Every structure is written in C-alpha cells, then in structure tokens.
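Let me begin by presenting the structure, written as structure tokens, before commenting on it.
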Amino acid sequence: MTLTLTNTLSRAKESLPAPGERPIQLYTCGPTVYNHVHIGNWRAFVFYDVLRRSLEWLGYEVRHVMNLTDVDDKTIRGSREAGQSLREFTDRYTQFFLEDLDELRILHPHAMPRATDAIDSMVALVKRLEAKGLAYQSDDGSYYFKISGFENYGQLAHLDVDTLRAGAGGRVAADEYEKDDVTDFALWKAWSEEDGDVFWETELGKGRPGWHLECSALAMEHLSESIDIHAGGIDLVFPHHENEIAQAEAATGKVFSKFWVHNEHLMVGGKKMSKSLKNFFTFRELQEVAGATGREVRYALLTGHYSKKLNLQVTYEGEGEERRPVLFDSIEAARSAIHRLDEFRRGLTIRGGGPVGDGARALVEGYQAAIRAAIADDLNVPAALGKLFELVTDVNKLPDFDEEFGRFVVSVLDDVDQVLGVLKPEADAGLTPEDQALFTAWGAAREAKDWAGADTIRAQLKEHGIQVQARKGESTWSRI
RNA sequence: GGCGACAUGGCCAAGUGGUAAGGCAUCGGAUUGCAAAUCCGUCAUUCCCCGGUUCGAAUCCGGGUGUCGCCUCCA
C-alpha cells in the first residue's frame, strides 16, 4: 500500500511511489551524544521508528541511516569537564542511548555513523562547494557557505533571505564579522583554544566540521545524493535542514531529499520543557519518578499524531521551588491501556470454545484493514489505536470462540505490532519459587474456603508486586 | 517586529463540508466468598468566542481571544 506523508517542502500530504519500485532511502537526524537525551527527543526517535516500521509493513524495502553527532561545542565542553577524551565521553553517552533505544523498542537503524567517522566525506564536500565558488575561507581559517550563491535558500523553511538578513542584523554578535554575510553559516570551524585536542588536520586546515555538514555528507555517503525521505524534529527545519539542503544541492545540483517530514514538539504539563519549569525529564528520570517502562513511554508517545504537539500530562504538587510532579497522567493512562491489551491477548489464548462464524473473522479483518489504511494515511497512529480498541471490544463481545480463532486474532495483533511495537508483553521470567508457593497456597486456601487465609496470602503477593485473579478454571497472576 | 501552527467532554486525542472515533478517569451493571483484574453499558445536542458562506460547518471565510513555535547550531 502506498504511504502518504506531510511533506514540509510543500506543506501538504504527498504520496510516495508505490512499494516495490525501489528501496526507500531514509535519513533521520540522530542525537548529540553529550548527555541523556530527554523525553522530547524520544518522541522524535519513536516517530522515526514508526516511519521506518510503517514503510516496511506497507511493503517497502527501506534503508534507514541515522547519525550520531559526536563533535560539537557541547560534546567538546562535556568531555573537557569530564576529563575524558572526546571519544571516551561520547562513547559513554552513545551506549546509554543504545540501551534506551532497546527499552523503547526502537529498531536500530541499518547504519548509525558517527560524525567523526565522516571527516573525509565532509572535507570532500566543502572542497566541492569551494570549487563551485559556494564556500569561502575567512581570515581565521574557517569555511563558510555563501548563501547568496544558492538561490533556493529558504525553500524548506519558507523564509526570505532578505528578511533573515534584516532580522539577524541586530542580533549577530560582533565575533561573527568573519562572515561575508550575516546569513552565511559555518561549514568548517578553524581550531581555537577551547577545542583543546579536538581537531583534524585536513586540506581545509586544522579544525573541526560545522554541525550542518555531517548530515549532508553522511546521507550522501551512506545513501545517495538524492534520497527519498529526511526526517527530524520541527525545530530542525531552520536552520539545520535548510542548510543541509543548501550544502547538498549546491554541490550536486540534485534534489537532496524528495520528502522532508518533521515531528512536532512534546509538551509537558502544557508547557515547553525547560529546567526552570521543572518539567524537563529524561527517560531514566521517568523510570525513577513514575516507574515508567520503555513500553509505557513508547505507548504514551504514540497517542498523538506526529505532526501535532503532544501533551504529556503531569499533575504537580506544591508551588515554586517546592513544586514537584506527583502523577504522570499520560504514563498512568498508557499503563492502564497496555494492561487491558495484555489481558485481551491472554484471553485469546485461554478461551477455548465452539467455532465462530465467518462474520467474526471478517470483522477482525475489517479492523486490520482499517488500521492499515490509517497508517498509510500519513501515519495516523492515534486513529489506528482507536480501531485497535474497537477490535478489542468487538472480539470481547463474541459469546464464544475456538482456539483457532484466538490464534487468528493473536496473529492480527502481531501483524499490527510490526508498526506499533507495543503489543508484545514484556518477557517475564515467571514467579520466584517463594511467590509460586504463595500462589499455590492461595489457591488451596480458596479451595478450602479459608477466606481469611486466602486474603492474607493475596496481600502478601500484592506486596511482592503480584496481582492474582480468581478465575473459573485456572487462576492467574500478573505484575502490578 | 516578521512568519507559522494549534484551540474537540475531567485528562489525552482522532475526525477538515453531511450531522462528534478511541484511550484514561467517573458512574451503573455482570462476575467474585469479598476483592482485584476482566467484561458489558453510561459518559460532548456539541467541537475557544463573534459574524459570514452553505440545504448543511468542529470542519470553509473574516474578526477576536488564548496557547505554542521559528526568525543561525534545541527532537
């Protein structure tokens, strides 16, 4: 099925080519590995993941590349403060990032190149631009992109260069005098004292790459000079993506990316995340404060359409300095919804009855098709989730069904989960011997109608984080 | 100042001309030894406000209010 996406270039929904004609080349802007990325960043990474999974689910072959920014002001400053080499420092945060990626059930991109592994590509790109008269060297040895030489500048952000120039005039710091034009941006930064031992001796001199350069170079190196989709957070539209386009298209004369898709921001408690508002959280903080799992966070991030702001609702207590979050409503809601989905799945495997008619099967297939249509229509995950819950309610209403039908519905859930990535329950090692003994004793006490004893054991299990369910056949348990 | 996005029930959130999906919470019922969990049902005559277009608008247009964002390195 053909996927449509909102293309930032046109600000309209556009259809990709039908699947099968050729593989889709997808590039997404990765993290700067200088700290734990925050929950808003995770919205972007989950979005990229849904995009890639959706493409594959709809029948596309995909090659997904995401960069790791491991050299910039922040990584250099961080490594110096930590007393580590740049590589030691960024490796540490890369490792954290990869661990969290797995927790959030995000598929690893096919390639995750570091910026520092692409110095040669970047230098070559600058040389190419210089040969065309679109890059120039300033007095301090840095290289800048000459925006006046690229007439399409502003096409993505829909900004007018003259307006930018006027706006920048009053705000640009005095140390920017090196540039011919205030709107020009750095391609290569000449070494300065603060860079310490971070530099590369290249044809461009001693220095390090500018931020925008790595994405253009890496996309071209690992994919091609004209890719299909480039994704990122909405705040990267300008200047980052605009500059990527300028660098790439000025050098190659080709369309850098046919599609540009951007995810909107995550709001926390109705506000933009900031440290001063105390609504700034990393995934690891949510794990500690709210007991959130990666699966719950992923679900919460899937409840809104990528192109719209999503609010992570938080209830606070106290004012000013004392203000602290006491309840993460969105995480709680995600937890309840996931629990219900897990119970539904479990019910499918333990309910064995008579055969169901063809109508029931057609009903489920109808929902499966509706979910596919919702995903194909600009990745409408919230609408797809709506259909999924309608499926749940309708199947629950069936008076009876056999094992084969149960297996069929499970297969549909697994199919849909190729995109959602939240329906598979966490792997559980099972009860500890002690808890297993309690669970058995609880059953025995109930058998003997020793209600007081049963209630005591039930309370003990609950303290261990185990909730029991009395059922007609075999009783069950679940983690709280 | 320039440009732009958004405003749907207690919370989250689909829906972009044909009469308000879904989730969480609430409430009622079923089930249960009692619970919990689960299941069923209930839950917006109305979509920020005012005006307009239309047979018909949450959806289109104009005005207002509010929130958020971009205007050189924040997903």
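Below, all heavy atoms of this structure are taken into account, side chains as well, without hydrogens, waters or symmetry copies. Letters go in sequence order (proteins before strands), and every chain restarts at 1. Computed from a prediction, not measured in an experiment: that's the story for all the values here.
Backbone-only engagement by A/H339 is indicated by non-hydrogen atom pairs under 4.0 Å involving sugar-phosphate atoms exclusively. Counting any heavy atom pair closer than 4.0 Å across all strands shown, A/T303 reaches sugar-phosphate atoms only and no base atom. Within 4.0 Å of A/A337, counting heavy atoms only, lie sugar-phosphate atoms of the nucleic acid but no base atom.
By the 30° and 60° cut-offs, the orientation of the rings of A/W260 relative to A/H230 is parallel. Aromatic ring orientation, A/F150 versus A/F145: perpendicular (interplanar angle above 60°, classes split at 30° and 60°).
A/D140 places no side-chain N or O within donor-acceptor distance of the main-chain N or O of A/A190, the cut-off being under 3.5 Å.
Under 4.0 angstrom from either OP1 or OP2 of B/A5 there lies no side-chain N or O belonging to A/K308. Between B/A35 and A/K462, no contact under 4.0 Å exists linking OP1 or OP2 to a side-chain N or O.
B/C61 and B/A5 have their P atoms separated by 11 Å, with the value rounded to a whole Å. Taking the C1' atom of each, B/A20 and B/A57 are spaced 12 Å apart, rounded to whole Å.
Nearest nucleotide to the side chain of A/T393, out of B/A35, B/G41, B/C74: B/G41. Distances were taken from every side-chain heavy atom of A/K272 (C-beta onward) to each of B/A75, B/C71, B/C74; the shortest belongs to B/C74. Residue A/Q469 places its side chain closer to B/A36 than to any other of B/C70, B/C24, B/A36. The side chain of A/P382 sits closest to B/A14 out of B/A14, B/A75, B/C24. Candidate nucleotides B/C73, B/C6, B/G22 were compared by shortest atom distance to the side chain of A/F389, and B/G22 ranks first. Closest to the side chain of A/K309, from the set B/C74, B/G22, B/A5, is B/A5.
For B/G33, its base sits under 3.5 Å from the side chain of A/D455 at one donor and acceptor pair at least. You'll find a donor-acceptor pair under 3.5 Å spanning the side chain of A/R458 and the base of B/A35, going by distance alone. The base of B/C73 lies close enough to the side chain of A/K189 for a donor and an acceptor atom to sit less than 3.5 Å apart.
Atoms CG (A/N311) and C1' (B/G10) sit 14 Å apart, rounded to a whole Å.
When the nearest nucleotides of RNA chain B are assigned to A/M267 and A/H158 by heavy-atom distance, the more 5′-ward of the two goes with A/H158. Residues A/S307 and A/S330 both approach RNA chain B. Their nearest nucleotides, taken by heavy-atom distance, put A/S307 toward the 5′ side.
Between A/Y93 and A/F97, the gap from one ring centroid to the other reaches at least 6.0 Å.
In A/E463, the CD atom is not crowded: 12 or fewer heavy atoms of neighbouring residues, nucleotides or ligands sit closer than 6.0 Å.
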